[in-house]
Protein chains: 2
Amino acid sequence: MDQKQQDNGKGPQAAPRPGGRAARIQAAIFKAVEELKRQGDAADLTVPAIAARAGVTPSTIYRRWGTLAELLSDVAVKQLRPDAEPADSGDWRADLKGWLEQYAEEMASEPGRAMLREVLGADRLENAGVCSAYTSRQLDIIRARALARGDRPPDTAVLMDRVIAPVIYRILFSRATPDAAYVAGLIEEVLGEDGE
Amino acid sequence: MDQKQQDNGKGPQAAPRPGGRAARIQAAIFKAVEELKRQGDAADLTVPAIAARAGVTPSTIYRRWGTLAELLSDVAVKQLRPDAEPADSGDWRADLKGWLEQYAEEMASEPGRAMLREVLGADRLENAGVCSAYTSRQLDIIRARALARGDRPPDTAVLMDRVIAPVIYRILFSRATPDAAYVAGLIEEVLGEDGE
DNA sequence: CCGGTAAAAGCAAATATTTTGCTTTAGTGG
DNA sequence: CCACTAAAGCAAAATATTTGCTTTTACCGG
């Protein structure tokens, strides 16, 4: 009757060794989740269905993650992990703008919204933090390039507050997509005050 | 095998008439949820437990809301509804600052975070929109007073982007509480540019 | 290379939950 | 007061979750 399962505290990639059984099985389960998410209704995304697809018994999933929400959250974080550094054109303002616009579009898309909801849906707050750390890091990379050229880009924290936060807020709390014009406006406001 | 229950589209207060049976039962269920949330672990907050507390059969809840998440979302929206207008001291800047600081504190509290998560957790996006509309409206009231006195307060949309969004983003995506100093800083930045 | 060991997976029975078909009740309008 | 509709109750069936115990797997020290 105790509500909390074991929480190994090791986070999404809890595997003894990259080739071990645990890693193999986790990979199979993640793959099953991704495939099922792509295919059918959200209603087909049940622990038993995932287990069957992954060729695993449901209790494995319940024992490792506790709830469907935790599993989906881990999968979403994995999918949100940036796979590359932001493009580098030599013009950091353009890179920043491009990256932010693409970020907003991706997050506002249906799969993007679903991932946000899944990340936030878990009891474990950690995943949400990882997610925003990914964003911070990408912005920091662009910022570091600007600094290296002797420029004065805004602090990453400022960009998080002034661009990322409003974009995510709109996605979460309204049906309206933050479109490119809106994002561009936010960016200009931040860059405009640059010299103050 | 269809995932969506009936969705009457009438939102949280779906009752034929204020004194009718439907309203009575909904009130009993909401009360049961609030009581159980106050009392025990989140794990005790199950549909059967709520039904038992409310003196109702579980299928009533499943038929009206479909899932626990929808019910919790409706209850959270109801609790987030402001019960009074913002204080009016005659100094709109002070009123605004006070209201925003209290808002941030309330949302960052454990119950506040829980309500945010519950509102966002439902499939029905509508509730999140209602929630942010509540906030907007409160800000608008303060703003209207300032305008009535011939002042030039910032647009509500600007406050949403520059203060509410960063505060909520921090609450959702980091463990750190947006403290009074942080909120005050955001407000000053917005008010500082006022005359530009 | 061969057991020994600990952690995790499988299995299956026990619980708990959700869904569903049908019946009953409460509120509405004639 | 009676018929009608919408929602609630009830109970059985279907699903999902939890749990105790067994088996497998990878790692470790000989």
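Lettering follows sequence order; numbering is per chain, from 1. Quick note: numbers below take in every heavy atom, side chains included, and nothing from hydrogens, waters or symmetry partners.
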Checklist outcome for this item: Side-chain atoms of A:Arg64 come closest, of D:dG9, C:dA9, C:dT17, to C:dA9
Next on the checklist: From CD of B:Gln26 over to P of D:dA8, roughly how many Å is that when rounded to an integer?
Outcome noted: 10 Å
Checklist outcome for this item: Of the candidates D:dT24, C:dA12, D:dA8, the side chain of A:Arg21 sits closest to D:dT24
Next on the checklist: With a 4.0 Å cutoff (strictly under), does any side-chain N or O of B:Thr57 reach OP1 or OP2 of D:dC10?
Outcome noted: no
Item to check | Pair A:Gln102, A:Glu106: side-chain N/O donor-acceptor within cut-off below 3.5 Å | outcome: yes
Checklist entry - Starting at CH2 of A:Trp65 and ending at P of D:dA16, how long is that distance when rounded to a whole Å? => result 18 Å
Next on the checklist: Let's see if you can work this out: which of C:dT18, C:dG27, D:dG9 has an atom nearest to the side-chain heavy atoms of B:Thr60?
Outcome noted: D:dG9
Item to check | Among D:dG9, C:dG10, D:dA16, the nucleotide that comes nearest once only the side chain of B:Ser59 is considered | outcome: D:dG9
Next on the checklist: B:Val163 vs B:Tyr103, test: side chain to side chain contact (heavy atoms under 4.5 Å, CB included). Steps then yes/no.
Outcome noted: CA-CA 11 Å; B:Val163 185; B:Tyr103 172 87; over 6 Å; no
Item to check | B:Leu71 CG - C:dT17 C1' separation (whole Å) | outcome: 15 Å
Item to check | Ionic contact status for B:Arg162 with A:Asp161, cut-off 4.0 Å | outcome: no
Checklist entry - Sub-3.5 Å donor-acceptor pair from the side chain of A:Glu70 to the main-chain atoms of A:Asp123, do we have one? => result yes
Checklist outcome for this item: When B:Ile25 and A:Leu68 are each assigned the nearest nucleotide of DNA chain D, the 5'-most assignment goes to B:Ile25
Checklist entry - OG1 of A:Thr46 to CD1 of A:Ile61: how many Å apart, nearest 0.5 Å? => result 9.0 Å
Checklist entry - Side chain of A:Asp91, backbone of A:Arg93: donor and acceptor closer than 3.5 Å? => result yes
Checklist entry - Bend across the helix from C:dC1-D:dG30 to C:dG30-D:dC1, to 10°, with axes taken over 5 pairs at each end? => result 30°
Checklist entry - Does A:Arg170 make a cation-pi contact with A:Tyr182 (under 6.0 Å, within 45 degrees of the axis)? => result yes
Next on the checklist: Nearest whole Å is fine: how far is D:dA16 C1' from A:Asp44 CG?
Outcome noted: 15 Å
Next on the checklist: Which nucleotide wins on minimum distance to the side chain of A:Arg24, given the candidates D:dA26, C:dT18, C:dA9?
Outcome noted: D:dA26
Checklist outcome for this item: With the side chain defined as heavy atoms from C-beta on, B:Tyr62 is closest, among C:dT17, D:dA11, C:dC11, to C:dT17
